Amino acid sequence: MLPQFNMASYHFNSIEKNWQKFWAEHQTFKADNNSELPKYYVLDMFPYPSGAGLHVGHPLGYIASDIVSRYKRHKGFNVLHPMGYDSFGLPAEQYAIQTGQHPAITTEENIKRYRQQLDNIGFSFDWSREVRTTDAQYYHWTQWIFIQLFNAWYNKVSDKAEPISDLIKKFETEGNSNVNAVCDETIVFSANDWDAFSEKEQQAILLNYRLAYLSDTMVNWCPELGTVLANDEVKDGVSERGGYPVERKLMSQWSLRIAAYAERLLQGLDTLDWTESIKEAQRNWIGKSEGTSLTFSLASPLNPLHGRGEPSDVWMVEEEELWYATSDKSKYRLIKDFALENRRNATKEEVIIWEALRNNQIENVKFRRQHIIDKFIADFVSFEYKLVIEIDGLIHSLEDNIISDEARTLVLNELGFNVIRFTNEEVNSNLDGVLGKIKSYISSAVPSTPSPAEKGMGDEAKKRHGESIEVFTTRPDTIFGVSFLTLAPEHELVAQITTDACKVAVENYITISKNRSERDRMADVKTISGEFTGAYAVHPFTKALIPIWIGDYVLAGYGTGAVMAVPAHDSRDYAFAKHFNLPIPQVVEGGDINVESYDAKEGLLINSDFLNGLEVKAAIKKAIEKIETEGLGKGKTNYRLRNAIFGRQRYWGEPIPVYYKEGVPYVVEEKDLPIALPEVDKFLPTETGEPPLARAQNWNYNGHAFETTTMPGWAGSSWYYLRYMDPNNANEMVSAAAVNYWQNIDLYVGGSEHAVGHLLYARFWCKFLKDIGTVPFEEPFKKLVNQGMIQGTICTTYIYTYQNGLNERLKCAISSDLHSQIKAGNSEGVFKLMTEQIGSSFTDCQYVNEVNVPFEFFAAAAFEDFEGLKKWLNSTGNSVTHLIVGTDSKFQVKMETGKMSKRWHNVVNPDDICTQYGADTLRMYEMFLGPLQDAKPWSTQGIEGVHRFLKKAWRLFHNTANEDFVLSNEPATKAELKTLHKTIKKATEDIESFSFNTSVSAFMVCVNELQDLKCNKREILEPFLILLSPYAPHICEELWHLCGHTESIEKAKWPVFNPEFLVENEFNYPISFNGKVRFNLNFALDMEPAAVEQAVLADEQTIKYLEGKTPKKIIVVKGRIVNVVI
RNA sequence: GCCCAGAUGGUGGAAUCGGUAGACACGCAGGACUUAAAAUCCUGUGGCUUCACGGCUGUGCGGGUUCAAGUCCCGCUCUGGGUACCA
C-alpha cells in the first residue's frame, strides 16, 4: 500500500478496526434488563459454526437485523440483539470420526473463526449474552425442558399440558375411563386395576401419556450416518445433510408428542406477522383435514385368526371362541352356495330389529347379528343372556339346507340358548310389541358371565380383529360412488381377510412393497400397483358388495390406512380403477369422467339416493349427519403432523437425562443436571450397534444405565431465544423478571429453509413452556422476515455413459476456481481440486467406478475437446467405452446458480470483501443487491458503485482541494433542508418496511444532491450521518467524532421528519392526450381543477395537439396529471 | 399434480394509492484533468426512426375494465420455492 500522505482521506481499514475496538471496550451495545425504555428484541437465527466459515450469504440477514437494531436504538428503544452458536451437529462429529479429534475442539476453532468474521462486519451484537448449545450450562436447561415434557401429559379438556402427577392422582381415584388425553392406545382400567398394576406396568401405561415418551416407531434410518432422522431432515428419500439413502425401520425411540399441539400450532399462525408462504408451509406440514370416519362391515367369510394353511372350509369353525372373536356386527354370512342376493341384502325386517338392538339400546344388552352358533347362523344373539332372536323363523344352516325350526331350537337349547322368534309381519306391524317381548325376557332372565372370548372388546381391539374396516374420508358425499376399498399393504387386516385364492398374489405384493425403499417409491409415483384380496365389504347404505384391494398408494400411517375409493371423484382412485378395470360410477355432476376424475368440490349429487340433487357442501353435511345417526362413523379431524422423533444415535448432542431401572425409563432429578456429555474412546457405534455413548466408562446414574441416544439438532435451537434474556442464570432457565420484560421476539430474521423444522419445533416448545408457566406468551416470534439465499455460481459438467445398457447422466460440479485453474492449464491445481471434489459429488452416483480417471476427463470437458478426450480415453483403455456427451456429441459445461457451499467450491468469504472495500461497503452492498427476501446470485458487479458512494459522502465533509475536514455552521438553505427531510422520510419508511435496497438508493440521491448544492453544513450533514449510521456505522462514527462529538453516534436521536420542508406550491403537470403524455405545464398546487382545465385549453401546445377537434372530456387530478380525451 | 411467489433495458433493480415506466447503481460509449496510470468529474445510454425538432413502440403472451393499466379482472406460458400418493 502507498504511504498515506493525507490523513484525511477515507482509510476504511483503520477506521473500521478502531471503531470495532471502541464499541467492544465501551460495551456500546450491551442491553440492560432493568430499563425504563420500551424494549425491542431483534433476533437472528444463530449459525451452526461449520468448518467452511461464513460466506457472503450468511451476513445478509444479520446486516438487515443489525440495521433495524441500530435504528431502534436511535428511536429510543432498549434493544436486545444477541448472537450465539448452534454448535451441536453432524459435521463436527463426522470430522471427529475421520480424524479422531474431539468435536468440542473443532467446534471451538470454528466458533473462533466465526466470531472473528462477524466482528469484521461491525455488528452491534451484545456479546455478553452469547450462548452456545454445547455449553453444559446451556444444555442443562435443554435437559430440564425434556424432564418437564416427560413429566407432562396433554389434557384435551383444558387443551393444555398438565403435570403427570395430576394424572396419576386421577388414575388412583377413578381409573382412566374419564381421562380425555392425547395418548397412545391403551387399555381401560379402574382405580382398583391401577392399584393392582406393578410399578413396571404403571410406568408402561404412563409412557403412553407423557409428552416425551419411548415407543416403537417407524423411523427414517440412515445407515450411512448411523442415526435416525426427522421427516424434515429427509429430502427425496435421502438425508438432507450428506445426501445418503434413508430407509424405514421399526425402532424404539424417544419421541415428543408435538401432534397434541397440532390445532394450537395451526391457529397460532393467524396471529403472526409472517409471510404467507411460510405460514402456508406450516399449514401444509400440519395438514389438517376434516372429514368423517366410516365403517364398512366385511361381507365375505373370514379366514380364521389361526390355522392359516388349513383346509379352506376351516371357517366352519367348531371353536366358538375363534369365530366369536371374528364376527360381531359384521354381516358374517357363512354361506357357500347360498344365494348371493341374500348375502348382500339384509331383509328389511332384520334391519328394523337391528336398528333397535344395536349399541346396547335395549336394557343395555349387547346384541350381535348374523352370528355363527354351532352349525347355524343366528340372526341376533346376546351371549350375556344366552338369547337368540330369529326373524321369520329362518336360521341358515351351514349344511346349505334348511332344517326345521324345532330341530334348530333343540340344538340351540342344548347349547344353553333360548330362542325367540318373530315373523316379518310382527316386526312390521307391531315393533313395540316385539321389542317389549325382548325386554321382558331380559328383565326376567339372569345374565351369565361371558367367557373371555365372549367378553366385549374395545373398539380398537375390534378393528384389529377385523370385523369391519374403518376408513377416513373428506368426501362423505361421494359415498354412493364407492366402487372398492383400498387398504395399505401394511394394514393389519390384510392377512385375515385375504382369501386362499388370492393369498399368494397378495403376499407377493406385500413383500415387494416392503422391499421397495422410500426412495424407489417416490421415484416411481406414476406406477400403479395393487392386488385384490378376494374379500368384500358391504356398502353401508346400498348393501352392495364392494371388493377390497390393497395398494401402496394408500399410506399405513395416515388416517386408518384404508380408503373408500371413489374413482369418479378422486384422481388416485381413478388411476387405480382404470388400471385394474374397476367400475367408475359418477355421483357428482360435472367434468367428463371418461377422461379424468372430477375432483372439484362443486356440483349436484346424482345416483346418490338421499343425497340426490344436493350441492356438494350440503351433501357432505347431510352425509355426515346420516353416518352419525346410523352409528356408522363420526365427523373427525385428521392431522398430517407426526410426533417428533427425539433420539439420535450420535455422540455430539445433548445427553437425554434418562436412566433405566429394570428396563423402565426414569428421568434424573433436576438437582443432578446437567448430565454432561461423557468422554468416549471413539465417536462410533459400539460393536453391538449401540450408539457411541454406550462406550463411555463408568457412566451411570446411581448404578443405573443412562440412555445412550442424544437429542436431535433442533433441541437446543428450540428455546435459545429465551436464554439470551438471562444467559448466566444458574438457577433457572430464564428468570420470570427477564422473560416478562423482554417478552417475545419483535423481529426474527433468518432463512426460509427453517420454515417447518426449527420454526415449528420452537413454537411447540414455547406453547408447552407457556402451559407449565415458564413463559408468559404463546408464540415466540411475532414478526418473521426471511432473507433470500445468496447463491453462488456452479459450473456443472454432464457426462453420459452407457453402462449395462442404461443411459445415465453423471453430474459433477466444477467450481469457478477450478474452472480458472483449468483455463490456466494448471494441471496440478486441477488434480488437487478434483480429488477433493470427486469424493463428495460422486457419492450418490452408482457408476462412479466406471469413470475411474476423472481428472483429465474433466479438464478435457472444460475445453470441450471431445475428440481429444475420446482419443485419450481409448489410449488408457478406459472402461467407459460408450460415451455420449451432451445432446450434440459435445461436453456441456453449464453455469448454474445454486447454494454456496464447500461442496461446489464457490464460497465467497466476506473477509476478502472487507479487506478490499471495507465492512461498510459490504454492508451497504448486500442491502443494495435487491429486496431482502429475494434470492440473488452473488456478484461483485456494482460493489464499486456503493464504495464510490461512501467516498463521496466522506468528501462532503472534506475540502476537495487539500482534503481537510471542513464543516460549516451556517444555516441551511431551503433546498438543502428539502433534500435532508426527503431522505429522513424515505430512510424511516424503508427501515420500517424492510426495503433496505431503496433506502440505499435514497442515500445516494441525497449525497448526489448535496454534492451539487456544495453543502457542507452541520445542520444537514449531522442528521444525515445518523440516518446513514445503521447501514455504514464505522464511517459515520468516524465522521461524527470529527464533527466534534465525543459520545458514540449510537446514542444520537433519530432525526425528526418535518413535512413543511417538502411542501411545494407549484407542480409541473404532465399534460396527456388520450393517455399519452405530450408536454408539461407548471401550475400552482392550490389552483382548482376547473382553472387548470381552462389554462391547459388555452395553451398553444394544447391547440396543436387537439388538431382543431373539441375535447370530449378533460380529467384533472390535482397534483398528479391532466388528461385530455379527444 | 397441488400450494405459494415471481416475470420490467445489456445487468441488479425502482415505480408502496390505477396517474410522466426505467429511480439508484453496474456496464458500455464519448469527453475533461494527467507525461502516464489510479482516482475524480462531465455527457449520453430501452428499441425502431429522424441531420434535428419530433414520431412510433415498449413492463412474459392473449383478451378485458378504465379518461388513464407494470399495477385491477379473465385465460395462458415460463421461472423460482415449498410439498407430495394425506384419502
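What you see is a predicted model, and the numbers here were worked out from it, not measured in a lab. Each chain gets a letter, A, B and so on, in the order its sequence line appears, and its residues count up from 1. Computed from heavy atoms alone, side chains included, the values below leave out hydrogens, waters and symmetry copies.
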> Is B/rC26 syn or is it anti, if syn means the base angle is within 90 degrees of 0?
Replying inline: anti

> Where does B/rG9 land, syn or anti, once you apply the within-90°-of-0 test for syn?
Replying inline: syn

How far does the [atom1] atom of [N] sit from the matching atom of [M], given to the nearest Å?
| N | M | atom1 | value |
| --- | --- | --- | --- |
| B/rA87 | B/rG6 | C1' | 32 Å |
| B/rU77 | B/rG27 | P | 39 Å |
| B/rU11 | B/rA23 | C1' | 16 Å |

For [N], what is the paired nucleotide under Watson-Crick or G-U wobble rules, both distances under 3.5 Å?
| N | result |
| --- | --- |
| B/rU16 | none |
| B/rA69 | none |
| B/rU35 | none |
| B/rG75 | B/rC61 |
| B/rU83 | B/rG1 |
| B/rA23 | none |
| B/rC28 | B/rG44 |

What is the distance, to the nearest angstrom, from the [atom1] atom on [X] to the [atom2] atom on [N]?
| X | N | atom1 | atom2 | result |
| --- | --- | --- | --- | --- |
| A/Ile1126 | B/rA68 | CD1 | P | 13 Å |
| A/Gln933 | B/rU16 | CD | P | 16 Å |
| A/Trp954 | B/rA39 | CH2 | C1' | 16 Å |
| A/Asn1074 | B/rU66 | CG | C1' | 13 Å |
| A/Gln282 | B/rC4 | CD | C1' | 14 Å |
| A/Ile286 | B/rC3 | CD1 | P | 19 Å |
| A/Ile528 | B/rC85 | CD1 | C1' | 10 Å |
| A/Trp274 | B/rC4 | CH2 | C1' | 16 Å |

Would you classify [X] as touching base, sugar-phosphate or nothing, given that sugar-phosphate means primed atoms plus P, OP1 and OP2, and contacts are heavy atoms under 4.0 Å?
| X | result |
| --- | --- |
| A/Asp990 | base |
| A/Lys952 | sugar-phosphate |
| A/Asn997 | sugar-phosphate |
| A/Asn284 | nothing |
| A/Leu929 | sugar-phosphate |
| A/Phe996 | nothing |
| A/Gln1011 | sugar-phosphate |
| A/Lys1076 | sugar-phosphate |
| A/Lys951 | sugar-phosphate |
| A/Val1117 | base |
| A/Arg948 | sugar-phosphate |
| A/Asn1008 | sugar-phosphate |
| A/Tyr1069 | nothing |

>> Under a 3.5 Å cutoff, is there a donor and acceptor pairing between the side chains of A/Asp570 and A/Ser597?
In response: no

> For A/Lys952 and A/Asn1008, does a side-chain donor sit closer than 3.5 Å to a side-chain acceptor?
Replying inline: yes

Would you say [X] places a side-chain N or O within less than 4.0 Å of OP1 or OP2 belonging to [N]?
| X | N | result |
| --- | --- | --- |
| A/Tyr553 | B/rA87 | no |
| A/Arg1078 | B/rC56 | yes |
| A/Lys1113 | B/rC67 | yes |
| A/Arg955 | B/rC41 | yes |
| A/Tyr1105 | B/rG55 | yes |
| A/Ser289 | B/rA87 | yes |

> Parallel under 30°, tilted from 30 to 60°, perpendicular over 60°: which one fits the rings of A/Phe1057 and A/His981?
Replying inline: tilted

> About how many Å separate CD1 of A/Ile624 and CD1 of A/Ile479, when rounded to the nearest 0.5 Å?
Replying inline: 12.0 Å

> Atom OG1 in A/Thr486, atom CD1 in A/Ile548: separation rounded to 0.5 Å?
Replying inline: 10.0 Å

>> Less than 6.0 angstrom separating the ring centers of A/Tyr10 and A/Phe12, yes or no?
In response: yes

>> Could you tell me if the side chain of A/Phe996 sits less than 4.5 Å from the side chain of A/Asp990, heavy atoms only?
In response: no

> For the side chain of A/Ser995, counting heavy atoms from C-beta on, which of B/rC67, B/rA84, B/rU16 is nearest?
Replying inline: B/rU16

>> So if I take every side-chain heavy atom of A/Pro931 and compare against B/rC17, B/rG13, B/rA87, which nucleotide ends up nearest?
In response: B/rG13

>> Assess the residue pair A/Ser529 and A/Tyr553 against the criterion (side chain to side chain donor-acceptor pair (under 3.5 Å)); give the C-alpha distance rounded to whole Å, side-chain angles, the decisive distance to 0.1 Å, and a yes or no.
In response: CA-CA 8 Å; A/Ser529 65; A/Tyr553 80 97; over 6 Å; no

